[in-house]
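Per chain, numbering begins at 1; letters A, B, ... match sequence-line order.
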2 protein chains.
Amino acid sequence: MPAAQRADARRNYARILAVAEEEVAAHGADASLEQIARTAGVGSATVRRHFPTRAALLEAVFRERIEALAARARELAGAEDVRAALLEWLGALTDYSASVQGMATAMLRNGDLAPEHANPCVDPLAEAGDPLLRRAMRAGAVRPGVTATDLVTLIAGIALATEHHPDPAAEADRLLGLVVAGICPPG
Amino acid sequence: MPAAQRADARRNYARILAVAEEEVAAHGADASLEQIARTAGVGSATVRRHFPTRAALLEAVFRERIEALAARARELAGAEDVRAALLEWLGALTDYSASVQGMATAMLRNGDLAPEHANPCVDPLAEAGDPLLRRAMRAGAVRPGVTATDLVTLIAGIALATEHHPDPAAEADRLLGLVVAGICPPG
DNA sequence: TTGCTAAGTGGCGGGGTCCTCCGTATCGTA
DNA sequence: TACGATACGGAGGACCCCGCCACTTAGCAA
């Protein structure tokens, strides 16, 4: 039995995904599925067959990048300076979320109606960042009560909030700095 | 010369605005203009005539509330404890942004294509919060480099990021707490 | 090589939205 | 009351999402 999909199906999947990447990069998370189908040279039904929901497509589009960010977190988990390691990772996450169209939206828009049921974008990132965060907390470099999901959520929020800024990445970085340091000083 | 609009125009404006408030409260910032027109018993062109863009409609919908929040800021500007005053205002802003559908979106989606050209929702809030912030900074209660626009933007981002949470207002408050205190402790 | 079968495809139609145009009804005034 | 400017609303075009269904084609088996 052919457990795997047919060859043409796999080919179409790849074509659609490639086109979707460009289209999302150009028009954000609200890119037209119809347009993607047209550019990929397939019927719109075929797009829907491979990606039942818009969230599924966005997840696929950003999967590689998310995996790369997760890998970066694992690398940094062995760094000497735990605080610097965490901050570097947060910075990388912020840069990417703020500079790539649709990324932040994909993280925050819970495609399915599940209230908090494993967001396929936030979850892997939070899971990958968790060890980094725990190490930093154990070293006293992070205030207690903070979770990895909090950090990812905050960064996604910052990215969304700076989307219309002239230089989103720079502004997002600046805001991240404020959040890390806190609005109110030590005293 | 009738500088003012006609009586029926004023009536329609009010009807549309009232319906829009309900509709936005129910379906968020993406509420259907067509549906609003239908419920208000007017043609869709009439809606567009009074509110040329969706942003204009959202601004009108939230105008009163924004004004109320600005008034609260002016009240608090005379409070004894400057730090507490600022925090209370930020809390009020967060509560409202996170618990009312469409508010955060209205603040962040720059309707017109102007890059940073006076957002009619963020601007009045930032302006109203500015004295509060300045007083707090002068008293050393707030880290330098923070602007009122930063605060409003951050809160809007938090509100958007917690939109799909079971209890958005509570979660937003918690995240605001993290941001105020900072991720990294005093050391 | 040649059928055969089921996986895969794509076009079509329905329902919805946004937006613009333009003939018409209505208000306020002379 | 009659007129002119103001405001209205429906029609129509463009786009989009979505589900259905008849058709094509890949891949296995004889």
Side-chain angles (χ1 to χ4, degrees), chain A residues 1-61 101-102 105-106 109-113, chain B residues 1-61 101-102 105-106 109-113:
Chain A
M1 60 179 101
Q5 35 177 202
R6 254 161 55 170
D8 56 341
R10 246 172 298 140
R11 225 176 318 149
N12 275 339
Y13 180 95
R15 283 181 62 87
I16 292 169
L17 188 53
V19 171
E21 280 170 19
E22 295 173 19
E23 213 63 24
V24 168
H27 302 106
D30 290 326
S32 162
L33 303 182
E34 209 81 13
Q35 176 63 30
I36 291 174
R38 240 173 283 134
T39 307
V42 302
S44 65
T46 300
V47 173
R48 306 197 62 67
R49 185 161 304 115
H50 287 293
F51 307 98
T53 70
R54 170 172 244 106
L57 191 152
L58 290 176
E59 190 222 326
V61 164
Q101 284 260 40
T105 309
R109 274 220 293 249
N110 230 351
D112 36 22
L113 29 93
Chain B
M1 60 181 105
Q5 35 177 199
R6 255 164 51 175
D8 55 343
R10 248 172 298 138
R11 224 176 318 149
N12 275 338
Y13 181 94
R15 283 183 62 86
I16 292 169
L17 188 53
V19 171
E21 280 170 19
E22 296 173 17
E23 212 63 25
V24 168
H27 303 105
D30 291 326
S32 161
L33 303 182
E34 209 81 12
Q35 175 63 30
I36 291 174
R38 240 174 282 135
T39 306
V42 302
S44 65
T46 299
V47 172
R48 306 197 60 69
R49 186 163 303 114
H50 287 292
F51 306 99
T53 69
R54 168 171 247 107
L57 191 154
L58 290 176
E59 189 220 326
V61 164
Q101 284 262 41
T105 308
R109 274 220 291 246
N110 230 350
D112 36 21
L113 30 93

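With sequence neighbours excluded, the residues that form a salt bridge (Lys or Arg N to Asp or Glu O under 4.0 Å) with B:R6 are B:D8. Residues satisfying the side chain to side chain contact (heavy atoms under 4.5 Å, CB included) criterion with A:A7, sequence neighbours excluded, are A:R10, A:R11. Residues forming a side chain to side chain contact (heavy atoms under 4.5 Å, CB included) with B:Q101 (at least two apart in sequence, or on another chain): B:E163. Residues forming a side chain to side chain contact (heavy atoms under 4.5 Å, CB included) with A:R48 (at least two apart in sequence, or on another chain): A:L33. Not a single salt bridge (Lys or Arg N to Asp or Glu O under 4.0 Å) links A:R38 to another residue, sequence neighbours left out. Scored by the side chain to side chain donor-acceptor pair (under 3.5 Å) test, B:S32 finds no partners at all (sequence neighbours excluded). A:Y13 meets the ring pair (Phe, Tyr, Trp, His ring centres under 6.0 Å) test with A:H50, A:F51; sequence neighbours excluded.
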Check: protein-nucleotides 22-24 of chain D nitrogen or oxygen pairs below 3.5 Å:
none

Close N/O contacts between protein and nucleotides 18-21 of chain D (under 3.5 Å):
{"residue": "D:dC18", "atom": "OP2", "partner": "A:R48", "partner atom": "NH1", "Å": "2.7"}
{"residue": "D:dC18", "atom": "OP2", "partner": "A:R48", "partner atom": "NH2", "Å": "2.8"}
{"residue": "D:dC18", "atom": "O5'", "partner": "A:R48", "partner atom": "NH2", "Å": "3.4"}

Could you list the donor-acceptor pairs under 3.5 angstrom formed by side chains in residues 20-29 of chain B, with sequence neighbours left out?
{"residue": "B:E23", "atom": "OE2", "partner": "B:H27", "partner atom": "ND1", "Å": "3.4"}

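The nearest whole Å value for the distance from the CG atom in A:D30 to the P atom in C:dC18 is 13 Å.
For the pair A:H50 and C:dG8, the criterion of a side-chain N or O lying under 4.0 Å from OP1 or OP2 is not met. Within the structure, every side-chain polar atom (N or O) of B:T46 is placed at least 4.0 Å from both OP1 and OP2 of D:dA7.
Nearest-nucleotide positions on DNA chain D place B:G43 closer to the 5' end than the other of B:G43 and A:R38.
Sorted by residue number, the members of residues 7-18 of chain B with any non-hydrogen atom under 4.0 Å from DNA chain D read B:D8, B:A9, B:N12.
For residues 50-60 of chain B, the salt bridge (charged side-chain N to carboxylate O under 4.0 Å, His left out) pairs, not counting sequence neighbours, are B:E59-B:R63.
A:T46 places no side-chain N or O within 3.5 Å of a backbone atom of A:V42 that could act as its donor or acceptor partner.
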